[in-house]
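What follows is a single structure, written as C-alpha cells, with notes after it.
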Number of protein chains: 2
Amino acid sequence: MPAPERTTPDAIVAAGRAIVEDRGLDALTMSAVAERVGVRAPSLYKRVGDRDALVRGIAESTVDDLGARMHAAVEQVETGAGDCPRDVLITLGHELREFAHEYPNGFRLIFGPLSAAARPDLAALWRATRPMLDAATELAGEVHALEAARTLTAWANGFLIMELADAFRLGGDLDDAYKWGLTSIVDAMSR
Amino acid sequence: MPAPERTTPDAIVAAGRAIVEDRGLDALTMSAVAERVGVRAPSLYKRVGDRDALVRGIAESTVDDLGARMHAAVEQVETGAGDCPRDVLITLGHELREFAHEYPNGFRLIFGPLSAAARPDLAALWRATRPMLDAATELAGEVHALEAARTLTAWANGFLIMELADAFRLGGDLDDAYKWGLTSIVDAMSR
DNA sequence: ACCTGAACACCGTTCAAGT
DNA sequence: ACCTGAACACCGTTCAAGT
C-alpha cells in the first residue's frame, strides 16, 4: 500500500539552510530539520544519506545560489553602459561580499573545516566564479588568467572569511578596506 | 585530603590539538582527550570550561604557535643579507603557508564556522601577524599600511583556506600560483 | 512505499561519593 | 582538593511494525 511522500530532498536542504543561517551549524539537528519540514527525524534518512550528506547539500546549495547571483550580476552590468572587464570584476567582487553578508553561516560553511563526508564538491564553485575567470582573461590575458582569477577569489574569500570571523578589529572602515583591496588587485591584474 | 593534579589545562589543549590535527574536529570528544592525558572525561571540567572552551583554546594555541613562527622568521631574515621589507613580506608569506600545511586542521579552525562560545579571540592573530604589519608600513607608508597588510593577509589566508578545502582543481602548480600572487600583491603594495 | 515509535550507541555534562 | 562511576539529557541512526 503506497504512502504519500511528505517532503523532498530539496525541502530538507532548504530547511537545513534556514536553520544553519538562523541559529548556526550546531543547531542543525536531524529533529530540528524534521520538525521544520513536518516529518519525524527517521524519515529524513529516506531522502538524504545522513547528517554529513545534509551538511554537504546545504553547502552546495549555497554555492549554487551564489553562482546564480554572480551570473545575474554580470548580465546586469554587461547590458549597462561601461562593461569593461575591470568594471565587471569590481561589480562581482561587491556582489560576492553582499552574498556573504546575506548568508554568513552558509558562506562560512563552504570552506569550513568539515569532515571528508560533509565537505562540499567545489566543482560548483568554479561554475559560480566562472564570470570572474572570464573577465580576468580579458583583463590579464590568457597566460595569467587563471593565476589572476585565483588571486582575486582568494583575496575576496579570505577578506570575507576574516570579516565574518571578526578578525578585523584594528579600526578603519571595512567597506573602504574592501574597496581599496578590490581595486588594488584588479589594477595589479591589468599589468 | 588533597589529591594530586594529574593534568593541566595546557596538557589538555595540547592533547586536543593533536587529536584535531590527526583525526579532525569530529574526533575531538571529551573522552578521547581525557584518555590522551590519562584521566576520565569528567575531570576535564575542572581545567577547561566545556568542549566549546576547549575548541577555543585549541584555536588560540594554534594562533600563538603561528605567531612564534612568524616572529622567528623575521629575525632570521633580518640578520641575513637583504632585509628589505619586500623580502620580509615574501618570507612571511611562505612561512604562513608552511604552517598551514603543517597544521591544516588547526589552521582551518582559526577562521572556521564555530559557535560564538568556541570562536577564538583573534587579538592574538594580530600579534601573530604583527611582523607583516611592520613590514607593510615600511613598504606602503603609514597611510596605507593597515589596508595593505589587510590585503596581504586576506589573500594569503584565503588562498590557504581554499587550498586546504581542495577548492583549486583547475590544474596548474599551486606552489607557483602562491608565489605569483604573493609577489603580485607585495609589488602592488609598493605603489 | 513511506512513515514512525521504540530502541541503541554515543556524547556532553553534572554530581554525589570516594580518596 | 581533585578524581571518578553513575546518571541524565540529547543526538544520530536503525529497524520492525504500521498504514
Side-chain angles (χ1 to χ4, degrees), chain A residues 1-59 105 109 112-120, chain B residues 1-59 105 109 112-120:
Chain A
M1 201 88 60
E5 307 184 355
R6 289 187 207 171
T7 187
T8 64
D10 283 354
I12 293 169
V13 170
R17 272 189 73 178
I19 291 170
V20 167
E21 219 48 78
D22 289 352
R23 300 188 283 131
L25 186 58
D26 288 351
L28 185 81
T29 66
M30 296 305 271
S31 53
V33 174
E35 187 178 15
R36 209 171 219 276
V37 298
V39 104
R40 299 288 181 173
S43 298
L44 299 178
Y45 293 83
K46 293 272 160 171
R47 316 276 175 216
V48 297
D50 55 15
R51 186 179 182 274
D52 278 341
L54 176 58
V55 170
R56 196 176 66 238
I58 290 171
N105 287 340
L109 210 56
L114 302 170
S115 70
R119 194 169 312 178
Chain B
M1 200 88 60
E5 307 185 356
R6 290 189 205 168
T7 187
T8 63
D10 283 355
I12 293 168
V13 170
R17 271 188 73 177
I19 291 169
V20 167
E21 219 48 79
D22 289 351
R23 298 189 284 131
L25 186 57
D26 288 350
L28 186 81
T29 66
M30 297 304 272
S31 54
V33 175
E35 187 178 13
R36 210 171 220 278
V37 297
V39 104
R40 300 286 183 174
S43 298
L44 298 179
Y45 292 83
K46 292 272 159 172
R47 315 279 174 214
V48 296
D50 55 15
R51 186 179 181 274
D52 277 342
L54 175 57
V55 171
R56 196 175 66 239
I58 290 171
N105 287 339
L109 210 56
L114 303 170
S115 70
R119 194 169 312 179

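Proteins come first, then strands; the chains are lettered A, B, ... in the order of their sequence lines, and each starts at number 1. Since the structure is predicted, the reported quantities are computational estimates derived from the model, not experimental observations.
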Check whether A:R51 reaches the backbone of A:L28 with its side chain - one donor and one acceptor, N or O, closer than 3.5 Å.
yes
Expected output: side-chain A:R119 to main-chain A:R56 donor-acceptor under 3.5 Å:
no
Check the phosphate of D:dT19 against A:R6, side-chain N and O only, distance under 4.0 Å to OP1 or OP2. Yes or no?
no
At under 4.0 Å between heavy atoms, which parts of nucleotides 5-16 of chain D does protein reach? Answer with one letter per nucleotide, 5' to 3': B base, S sugar-phosphate only, - none.
BB----SSBBB-
Please identify each residue that fulfils salt bridge (Lys or Arg N to Asp or Glu O under 4.0 Å) with B:R17, with sequence neighbours left out.
B:D65
Nearest-angstrom distance from the residue atom CD of A:E35 to P of C:dT4:
13 Å
Here DNA chain C, pairs taken as Watson-Crick or G-U under 3.5 Å and shown with ( ), [ ] when crossing and | when to another strand, reads ||.|||||...|||||.||
Whether A:N105 side chain and A:V20 backbone form a donor-acceptor pair below 3.5 Å
yes
What's the shortest heavy-atom distance between A:I19 and A:A27, and which atoms?
CG2-O, 3.5 Å
Once you round to the nearest 0.5 Å, how far does CD1 of B:I12 lie from OG1 of B:T7?
4.5 Å
Output the rounded distance in Å from CG (A:L44) to P (C:dC2).
14 Å
Short side-chain to backbone donor-acceptor contact, A:R36 and A:A14, under 3.5 Å:
no
Does C:dC2 have OP1 or OP2 sitting under 4.0 Å from an N or O in the side chain of A:S43?
no
B:V55 vs B:L25 side-chain heavy atoms within contact, under 4.5 Å
yes
